[in-house]
Amino acid sequence: SGSKPWKLWCVDWLSAGLHTLYDSAGDGVLSALEVRGAFAAHKSISSNFYASLGADIAFHQRKVDYNKLYFNNQWNDLDFDPNIDASETFITERNSYFDIAAGATFTYHMPEMFNVYLGASALHLNQPEETFFDSGNRLGMRLAVNLGGAVWVGPASIEPALYFSSQKKASE
């Protein structure tokens, strides 16, 4: 309908994104691969009030080459000797998992004056296990809330924001 992007049922517009990351570092060639897809549905509640609901799913893979690492029992009082048995027990050199998140944001916008938003999200909804060892390391569900806005002052804006996050026994 001209000014509005693609419509689906009562949704005003949809958005989607794809994010990829690959990193490799250190003597053990610790590598991390992440492929993340995100999507959101946005609805105009009134001419100035908007609601957005979104979710994402990510695939994570971590790898390490233990043969390229040195351990303290391989120290021979002069230097590290890779021929000395490391006497370390490793379960796996690779860990893969899927991770799911979802969130919502509500925005009130007065053009050329101000806007204010309130958002909340839950990350690691499926609490995936991330470990190279036999004992698990489950990622705890992380809850996050953000509140902020912007006030336009001529060509500039002032944009205060608050953010709170909590995961397991930690909070920020």
Side-chain angles (χ1 to χ4, degrees), residues 5-6 8 11-43 50-107 117-148 159-172:
W6 181 50
L8 179 67
V11 174
D12 289 335
W13 74 94
L14 298 173
S15 57
L18 179 66
H19 165 84
T20 59
L21 168 76
Y22 178 78
D23 183 45
S24 179
D27 291 341
V29 193
L30 175 64
S31 66
L33 169 68
E34 177 183 305
V35 179
R36 178 179 303 276
F39 62 93
H42 311 275
K43 176 67 180 161
Y50 305 90
S52 300
L53 299 173
D56 84 24
I57 186 167
F59 171 76
H60 295 267
Q61 183 178 74
R62 308 279 188 268
K63 291 191 307 185
V64 65
D65 186 347
Y66 293 115
N67 295 319
K68 294 183 178 179
L69 294 175
Y70 299 105
F71 298 91
N72 41 337
N73 60 334
Q74 292 177 303
W75 177 253
N76 66 12
D77 292 329
L78 182 62
D79 60 4
F80 282 97
D81 183 352
N83 297 318
I84 298 174
D85 182 32
S87 300
E88 296 286 338
T89 304
F90 304 109
I91 302 302
T92 183
E93 292 186 346
R94 181 182 308 229
N95 172 265
S96 302
Y97 62 92
F98 285 96
D99 193 8
I100 300 169
T105 300
F106 301 94
T107 304
Y117 61 85
L118 173 64
S121 60
L123 296 88
H124 315 306
L125 285 169
N126 57 326
Q127 298 183 16
E129 186 170 54
E130 179 183 57
T131 184
F132 287 111
F133 301 100
D134 194 22
S135 62
N137 178 40
R138 291 220 171 266
L139 294 176
M141 189 181 312
R142 182 167 57 127
L143 302 175
V145 177
N146 59 331
L147 171 67
E159 301 186 20
L162 297 171
Y163 173 80
F164 175 78
S165 180
S166 177
Q167 182 177 22
K168 291 188 176 180
K169 295 180 180 179
S171 61
E172 176 180 17

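Predicted, not measured: the structure shown is a model, and the values here were computed from it.
At least one donor-acceptor pair closer than 3.5 Å links the side chain of Arg138 to the backbone N or O of Gln127. A donor-acceptor distance shorter than 3.5 angstrom exists from the side chain of Asn126 to the backbone of Ile100, with no hydrogens or angles considered. Under a 3.5 Å cut-off, the side chain of Asn146 and the backbone N or O of Tyr163 do not form any donor-acceptor pair. Checked by atom type and distance alone, the side chain of Glu34 never pairs as donor or acceptor with a backbone atom of Thr20 at under 3.5 Å.
Rounded to the nearest 0.5 angstrom, Asp23 CG and Arg62 CZ are separated by 9.5 Å. Taking NZ of Lys63 as the start and OG of Ser24 as the end, the distance is 8.5 Å to the nearest 0.5 Å. Between Phe164 atom CZ and Leu147 atom CG the span is 13.5 Å, to the nearest 0.5 Å. Atom CZ of residue Phe39 and atom CD1 of residue Ile57 lie 9.0 Å apart, to the nearest 0.5 angstrom.
Inspection of the Glu130 and Tyr97 side chains reveals an N or O donor paired with an N or O acceptor under 3.5 Å. Of the N and O atoms on the side chains of Ser15 and His42, at least one donor lies less than 3.5 Å from an acceptor on the other residue.
Side-chain contact between Ser96 and His60 is absent, with no heavy atoms from C-beta onward closer than 4.5 Å.
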Does Leu162 form a side-chain contact (heavy atoms from CB on, under 4.5 Å) with Val145? I'd like the steps, not just the answer. CA-CA 8 Å; Leu162 297 171; Val145 177; over 6 Å; no
